[in-house]
Amino acid sequence: VIGLRRALWLIAAGGLVVLAVQIWLIASSDYALDKGLWVALDIVIGGGFVGVGLFAWYRRPDNRVGELMVATGFAWFLSTLGLVEPALLFTLGLLLGNLYVAPAIHLLLAFPAGRLASRFDRWLVGITYATVTIGFLPFVFTVDPEASGHCTNCPENLFLIETNHGFATTSLDLLSTAGVVILLAVLGRLIGRWRHATPPMRRIITPVFLSGAALMAMLAVLLAASVVGFEISSTFYYLTLIPFGLVPYLFLASLAQARMLRGGAVGELVAKIGGTIAPGELRNALARALNDPSLDLAYWLPDSECHVDPQGSRINLADFASGRATSPVTLDGERVAVLVHDPLLLDEPELIEAVGAAAALALGKERLDAELRAKVGELRESRARLLSIELAERGRLERDLHDGAQQRLVSLALDLRLAQSAVFEDPEQAQRLLEGAGEELEQALAELRELARGIHPAVLTDRGIDPAVESLANRAPMPVEVVEKLGERVPKPIELAAYFVVSEALTNVAKYAHASRALIRVGRENGRLVVEVADDGIGGADPSRGTGLRGLEDRVLALGGRLDVTSPVGTGTKVIARIPCE
Amino acid sequence: LARTILIVDDHPSFRASARRMLEGAGYSVVGEAADGGEALRAARELEPEVILLDVRLPDLDGFAVARRITGRPGAPAVILTSSREVNEWGGAVADAGALGFISKADLSGRALEELLA
């Protein structure tokens, strides 16, 4: 395998040899007209396409624009074979003289990505290649170039089978008609694509598309005129070569211009960021530097492991960037932000890299703001949720009291009154009523105890998290082992949150997990209280559903902590709360 | 002749105690209902003279049930009851067309007689 660089040098050398031979052949041709002009065209057009194409190929080996330019250049050399002496080369020129139009159209339609974007484009290009190659066979098989007035004193057509002037003319007319249709279709595609292009895209395609469109229009006029037999001067033919020959040079110029613009834009950006920059201005400065008004910024928050927009709202990057491309910006090897931009800019990785590097520090600063806003937003939301939880909880307490202990006490009051009035007339009845009343009272007391524990467990206040968790474990309907204890008291709100995490998690294990046992760990880790409840049940718990886990998360969040639930189907559920606790 | 009465409350323990209490006081308890819909049906079928009606029911509340029953000639007398005090309900008792209100803990034959008299 030879390297790309070497291969390109070989092609360049081959191109020079072909060009030199061609110039010598034209110069030594007896019958060619305008020899000087054709030599010049060979150098300017053929040499231009091959040279610029090789440069583009070297610069972007994965983009086929370079290859297509080189192909167009070599195809152009074929078209001047129609002027040379050796009969075989002359015949080849007769057959393939118009070949250069096919890679040129291919190049225009594939510009600037190097790929044909639609099935229609692929068809169009395929038909063009067929037309300018096998399409000319009937003509070449039947034309006598000398007799048909194609040229005078020119070599013999080696492919001639039988001279048929009428057939040759008709087949040429058919080819010209097909050519007009193809050229107009390409023209339509170029105009359509230009109209739908984004601003940075337009900046890149406009010069090349303009000359391409001019070429298509002029060639169409030329061919249409030949079909209807309208005499057009050869000057017009030479004029069509101007937009064609300009294509590689315009491409080169737009590259240079982009490079200059890019340098200027990055310089301006650096100057801007060096000074103080207002919030929100950074995006605009970056959008200007990249010349992409659609640019958006997303910041990466490593603590929460999520992306947020500059306002601090959580986003799903894939949805946010849908249809656009993303380029991460790193600072000291760490991801800071993501540029969400026009996919076209991926063709200019140096620009993205330069802009990203210039802005990394400022982006890092803005990320802190976004992070703060995200935290504030999260707290605001969780506070609102806590409030509504609080309200719902009060409602539930009232209902529990009303439906439970209160009803029992009401019945108790009625039964006691009945017993009182029966105590002399019917002592047995009074006895039964009092027995019933005693049971009712037991029940009411039990319900009140349970309720009080739900509001604030006394054992937690009196003796701390370890005994409270122990008692939760003992009351659970399945075996629960406390495998790690904290061994110290921590601030009351943290104890309470930790207690509710264990309590709610165990309730869920009992209700949904189908677990045979559960483990509880309460410990400290990097200045945080860590509470973990794990079971060996069916898993598949979804923390975004069910108000229980959500309410827990809000309690933990309100203390600056976080709650993680991992619950793969089939391997049990693990609830871990981490609460800052210095 | 004993007055007929229908007891409406969603707590079975209260219904049982109230039945004992009212039967002891000489009423004939012709039926019990646990929610508003059942209460309306029982009132139609059993045609009691008095309905002891809890305010808080799982479906309709006691006021709504009372409004549907009272207001017709020959309609039963509705006594609303609740574990709360009467003043917690404001004018809602009278607006519903009920004859009166007895707090659950104060229920007795005498309290009922006083309202019905």
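To find a chain, count down the sequence lines: A is the first, B the second, and so on, and within it residues start at 1. When reading the values below, keep in mind they use all heavy atoms of this one structure, side chains included, and skip hydrogens, waters and symmetry mates.
- Contact between A:Gln407 and B:Ser83 at its shortest, heavy atoms only, is NE2-OG, 4.0 Å.
- Contacts between A:Leu433 and chain B at a heavy-atom distance below 4.5 Å involve the side chain alone, from C-beta outward.
- Residue contact with chain A, scored on non-hydrogen atoms closer than 4.5 Å, is absent for B:Ser103.
- Looking at A:Leu529 and A:Val522, their side chains come closer than 4.5 Å, going by heavy atoms from C-beta outward.
- When only modelled atom types and interatomic distance are considered, A:Glu504 and A:Tyr499 share no side-chain donor-acceptor pair under 3.5 Å.
- Interface remark: B:Arg15 contributes no atoms to any contact with chain A (heavy atom separation under 4.5 Å).
- Residues B:Leu6 and B:Ala43 share a closest heavy-atom pair of CD2-N, 4.0 Å.
- Contacts with chain B were tallied for A:Gln429, A:Glu440, A:Glu398; A:Glu398 has the most, counting heavy-atom pairs under 4.5 Å.
- Side-chain contact between A:Glu378 and A:Arg314 is present, with heavy atoms from C-beta onward closer than 4.5 Å.
- Looking only at heavy-atom pairs under 4.5 Å with chain B, the residue among A:Arg417, A:Gln406, A:Arg408 that has the most is A:Arg417.
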